[in-house]
Amino acid sequence: MSGTPTREVARRVFATEFNDATHTFKESDEERAPVYVLLPTGARANRIFIVGTLTETEDVGEDSEYWQGRVVDPNGDPFFVYAGQYQPEAASMLRELEPPAYVAIAGKPRTYETDDGNVNVSVRPESITTVDADTRDRWVVETAEQTLDRIEAFDDDTNEYARMAEEQYDLPADRYREAAISALESLDDGPTGSDDTDGNEATADGEATDGSGPAEDADGETADSDAAAEPEPQA
């Protein structure tokens, strides 16, 4: 059996479901075993791929730069992205980009429990790439299809992650079906607007074709490997 880490599939997910994915787990006791978030539609995710509108950026670091980005999907729901010294290329993109801009982001989900017991979910980016409106629209269609496919497979008795989601969440599947349909309907409302980005494309796995994205780290990293050096997310 090879010891080489395998690259996890980057799941496509709308912000409504991603922000509800507060349960994390490992499937091995090994120190560097992958950490997954459990999507409420019944799938695990160690990496995600999102495309949306970057609406805000802010350096929220204290002793060093730690950039927060707010990216909204077609439903107006936000993803929060955080990049610091361990994600220098992504942090540089958040520093230099001028909102609003369409961006494609591949990254790892991260959860953080606040003092009042709420769990915030954010993205630690591996790569951030500017894209055009057509790329964003294709992502919407593909993400809606994948979301609806997960919902369709939810009641399959062999779907272990769906059974896990039933135990961990009390959330109706219609919530995510409606988000998918709403996102698709937004594409019929007319032009998505002008885009001043350079129009770089992103591949199906969420990687920038211009090579600007950082190299993939080992999938077995722990969820909070950089927590000691950087402030916690403030979603």
Check ion pair [X]-[Y] (N to O, under 4.0 angstrom):
{"X": "K108", "Y": "E8", "result": "no"}
{"X": "R175", "Y": "D20", "result": "yes"}
{"X": "R150", "Y": "E17", "result": "yes"}
{"X": "R163", "Y": "E160", "result": "no"}

Check this for me: [X], atom [atom1], are more than 12 non-hydrogen atoms of other residues, nucleotides or ligands nearer than 6.0 Å?
{"X": "E152", "atom1": "CD", "result": "no"}
{"X": "E96", "atom1": "CD", "result": "yes"}
{"X": "D116", "atom1": "CG", "result": "yes"}
{"X": "E98", "atom1": "CD", "result": "no"}
{"X": "D63", "atom1": "CG", "result": "no"}

Aromatic ring proximity F14/W139, centre distance under 6.0 Å: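 Centroid distance F14-W139: below 6.0 Å, so yes.
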Cation over ring face, R44 and Y36, 6.0 Å, 45°: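 The answer is yes; both the distance and angle limits are met.
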Measuring from atom [atom1] of [X] to atom [atom2] of [Y], what distance do you get when rounded to the nearest 0.5 angstrom?
{"X": "T143", "Y": "L148", "atom1": "OG1", "atom2": "CG", "result": "10.5 Å"}
{"X": "T41", "Y": "D149", "atom1": "OG1", "atom2": "CG", "result": "10.0 Å"}
{"X": "D73", "Y": "T53", "atom1": "CG", "atom2": "OG1", "result": "9.0 Å"}
{"X": "S92", "Y": "Q87", "atom1": "OG", "atom2": "CD", "result": "12.5 Å"}

Closest contact, heavy atoms only, [X] versus [Y]:
{"X": "P109", "Y": "A45", "answer": "CG-O, 3.9 Å"}
{"X": "V140", "Y": "A183", "answer": "CG1-O, 3.6 Å"}
{"X": "V123", "Y": "G107", "answer": "CG1-CA, 4.1 Å"}
{"X": "S186", "Y": "P74", "answer": "OG-CB, 3.4 Å"}
{"X": "A21", "Y": "L38", "answer": "CB-O, 3.4 Å"}
{"X": "A104", "Y": "V51", "answer": "CB-CG2, 3.8 Å"}

Measuring only between side-chain heavy atoms, which start at C-beta, is [X] closer than 4.5 Å to [Y]?
{"X": "S122", "Y": "R110", "result": "yes"}
{"X": "L187", "Y": "R136", "result": "yes"}
{"X": "Y102", "Y": "T135", "result": "no"}

Side-chain heavy atoms nearer than 4.5 Å, only ILVMFWY residues, links allowed to pass through others: does that put [X] and [Y] together?
{"X": "V121", "Y": "V13", "answer": "yes"}
{"X": "L39", "Y": "L171", "answer": "no"}
{"X": "F18", "Y": "I151", "answer": "no"}
{"X": "V35", "Y": "V119", "answer": "no"}
{"X": "Y169", "Y": "F154", "answer": "no"}

Y82 and Y66 aromatic ring geometry - parallel, tilted or perpendicular at 30°/60° bounds: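 The rings of Y66 and Y82 lie parallel, inter-plane angle below 30°.
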Could you tell me whether the side chain of [X] and the main chain of [Y] form a donor-acceptor pair under 3.5 Å?
{"X": "D174", "Y": "R177", "result": "no"}
{"X": "S182", "Y": "E178", "result": "no"}
{"X": "T55", "Y": "R70", "result": "yes"}
{"X": "N120", "Y": "Y112", "result": "no"}
{"X": "N118", "Y": "T114", "result": "no"}
{"X": "N159", "Y": "A153", "result": "yes"}

Candidate pair D77 and V72, rule side chain to side chain contact (heavy atoms under 4.5 Å, CB included), full reasoning: CA-CA 5 Å; D77 298 316; V72 298; over 6 Å; no
